[in-house]
Participant: 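First, the structure itself, so that you have it in front of you.
Residue numbers start from 1 in every chain, and the chains themselves are labelled A, B, ... in the order their sequence lines are given, proteins ahead of strands. Keep in mind that what you see is a predicted model, and the values were worked out from it rather than measured.
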Amino acid sequence: MSKVEQRGFFGEFGGAYVPEQLQEVLTKLDQVFEQYKEDPVFIEELHYYFNDYVGRPSPLYYAERLSNQLGGAKIYLKREDLNHTGAHKINNVLGQALLAKRMGLKRIIAETGAGQHGVATATASAMFGLDCVIYMGEEDTKRQQLNVFRMEILGAKVIPVKRGKRTLKDAVDAALEDLIENYKDTFYLLGSAVGPHPYPTIVKHFQSVIGQEARRQIMDKENRLPDYLIAAVGGGSNAIGLFAPFYEDKEVKMIGVEPGGKGLSTGLHAAPLNDGEPSVIHGFRTYAMMKENGEPKETHSIAAGLDYPGVGPEHSFYKDTGRADYVAINDDEALEAFHRLSQLEGIIPALESSHAVAYAMKLAPILDKDKIIIINLSGRGDKDVQQVYNMNR
Amino acid sequence: MDFVPFITAGFPNETLFKKILFMLEEEGAKMIEIGVPYSDPLADGPTIQRTSLRAIEQGITLSKIFDIIKEVRATGLTASLILFTYYNPLLQMGLEKATEQMMQGKLQGVLVPDLPFEESPLLKSALAPYHIPLISLITPTTPIHRRNMLAKQADGFVYIVSSLGVTGERSVFHQKISSLIHEVKEVASVPVVLGFGIKQRSQIEDMANVLDGYVIGSALLRRIEEVENQVASDNISLSIEEYEDRYVENVRQHVKEMQV
């Protein structure tokens, strides 16, 4: 348990606001996680898969042309886009899948929105020989047919969820229902640093490999710590993975970039840390976007992976304590960064990661040339090419 | 063993909801659970979700529900009313204000399925001045030491979840249910009620001597939906009053059957 965490709470945020039927399942998961996270054999096995299957460590790349053109701070990119399956998601999936193996559970279930977490979960399940069931809102299965097919190629069963609004949150409900009924042989593999305790803690733990590597790599290259860390924040798993290992380094500033959608003032965004209320949503206490009647608000972002009304509880804590700043980047700015990084560095970033790049493009020019920024390039943009193509037509 | 109906607030519409409350009281319900519709539920099955979405679309909110409750109290409803709500609507209204409204509506209890015992002190202290109990839930998977702790501190009544999973009608109950009820009865000093998955009394008749009450929720809501379809397809031209009377009388027949 980290210094910032008490009984599943980060300050007033986090906890497990779930029905009594789930309490015991979560308690058990917490015990198993605490038992294995420092276990040398477990760590060795996890690192074997990180290295030989994912391709870790991911490079820390000096984006020289981008830095020069912006004319300020030096920009480094933490290349999580080069991981197997193309994003940081696989780090957490492998960690949780290994926990499932330790618990003797043969069946993996997961929720997915745009399909990225579903694909990563199906990938790890295939490799470990586990049965895999992915819950996906029926609307999302229509919008992301190719990802549904990709999961099926990997041997997963995709169940379209036909209740409620038929999107991500309905998929979460369906997965939780499955877990409550089948907990004896089933592991719920949650995809972001959200949900009831212990999930945010588990996801942070397995994603922290990003920040641990970045710390070593920048010391090797520059012989000092960076001045800024920048990462996109939807649920917040890639950001907490980069930030957490630098928590005690007070001189390192952390900036989380939320999706500003069509602009904060329009209300069409998914930026609860900029424009949200302390709430309880999806089983935990956090900042979330709420209507006046206490119902979660509809959200909007160009990046499906950031399109979520809440945010991981530790980010709410970082915001309230001032340890990190949270800013918003609009759809247009993210799209511009998507093109700019592609053209200057030959790296097509995911639209999610493009939000972090866009903020760095604003910040770098006003900083001195001896300052260092690390951007978490959390995923590659191949999955977004079709969407950008359609928007340009 | 008392019949405890559950109905989503504002379903099927505000007027019929109020009429159904009075009908339920006439049909012997001494206690009624009123569900606050929420779009992000963690414990509701498809039927309750469907009725909740419909109520939300008609503009039902927590403050509107308190208004309706005060109104039915003023027009003579005396049954105990239990508010079944997720935690977030209470938080967004403010716990102080929400509990004051509960007092004004003469609510006899509140049940918050996603508020575990560990996180309940804030709400409990807001409820304390009005002596409104926060109802505890116990499930077949609750470990023995926790179950005993929950049963001992229980106020109002204990709600035992009869089956694993979310709400909804079921034909099979958790095999441990009968022994679980006996064990909870030994420890708890308040009545014990069974809920989740019950379609009608006959399913649990063998527990009638130990149980104080049984909750029927999804099955009742589904009968209401069926009645609505049937009344609509009868294709007789009715005045609004005639339509509502026919609607409520049809639901009444189902409610009678459930208690057999």
Participant: Could you tell me the separation between the NZ atom of A/Lys291 and the OG1 atom of B/Thr61, rounded to the nearest 0.5 Å?
Facilitator: 11.5 Å

Participant: Considering only heavy atoms, which portion of A/Glu24 lies under 4.5 Å from any heavy atom of chain B: side chain, backbone, both, or neither?
Facilitator: side chain

Participant: Can you tell which of B/Arg50, B/Arg146, B/Glu118 has the highest number of heavy-atom pairs within less than 4.5 Å of chain A?
Facilitator: B/Arg146

Participant: Answer yes or no: does atom NZ of A/Lys157 have more than 12 heavy-atom neighbours from other residues, nucleotides or ligands under 6.0 Å?
Facilitator: no

Participant: Could you measure the distance from the CD atom of A/Gln23 to the CG atom of B/Leu150? Nearest 0.5 Å is fine.
Facilitator: 9.0 Å

Participant: Side chain, backbone, both or neither: which part of A/Ala174 has a heavy atom under 4.5 Å from chain B?
Facilitator: neither

Participant: May I ask you to decide if A/Gly294's main-chain N or O and B/Asn88's side chain share a donor-acceptor pair within less than 3.5 Å?
Facilitator: yes

Participant: Quick check for you: among B/Gln92, B/Lys64, B/Met93, which has the greatest number of heavy-atom pairs under 4.5 Å with chain A?
Facilitator: B/Gln92

Participant: More than 12 foreign heavy atoms under 6.0 Å from NZ of A/Lys262: is that the case here?
Facilitator: no

Participant: Which region of A/Pro278, side chain (C-beta onward) or backbone (N, CA, C, O), has a non-hydrogen atom less than 4.5 Å from a non-hydrogen atom of chain B, or is it both or neither?
Facilitator: backbone

Participant: How far does CG of A/Leu22 sit from CG of B/Asp114, to the nearest 0.5 angstrom?
Facilitator: 11.0 Å

Participant: Are any non-hydrogen side-chain atoms of A/Glu20 and B/Val161 less than 4.5 angstrom apart?
Facilitator: no

Participant: Mark yes when over 12 heavy atoms from residues, nucleotides or ligands other than A/Glu292 sit less than 6.0 Å from its CD; otherwise mark no.
Facilitator: no

Participant: Check whether any side-chain heavy atom of B/Tyr38 lies under 4.5 Å from a side-chain heavy atom of A/Pro296, and answer yes or no.
Facilitator: yes

Participant: Of all of B/Tyr86, B/Tyr87, B/Phe117, which one pairs up most often with chain A through heavy atoms under 4.5 Å apart?
Facilitator: B/Tyr87

Participant: Considering only heavy atoms, which portion of B/Pro41 lies under 4.5 Å from any heavy atom of chain A: side chain, backbone, both, or neither?
Facilitator: both

Participant: Is the shortest heavy-atom distance from the side chain of B/Gln49 to the side chain of A/Asp173 under 4.5 Å?
Facilitator: yes

Participant: Heavy-atom cut-off 4.5 Å, strictly under: side chain, backbone, both or neither for B/Leu62 against chain A?
Facilitator: neither

Participant: In terms of side-chain heavy atoms, does A/Glu295 have a donor or acceptor partner in B/Ser39 at a distance below 3.5 Å?
Facilitator: yes

Participant: Measure distances from A/Leu179 to the heavy atoms of chain B and classify the residue's part below 4.5 Å as side chain, backbone, both or neither.
Facilitator: neither

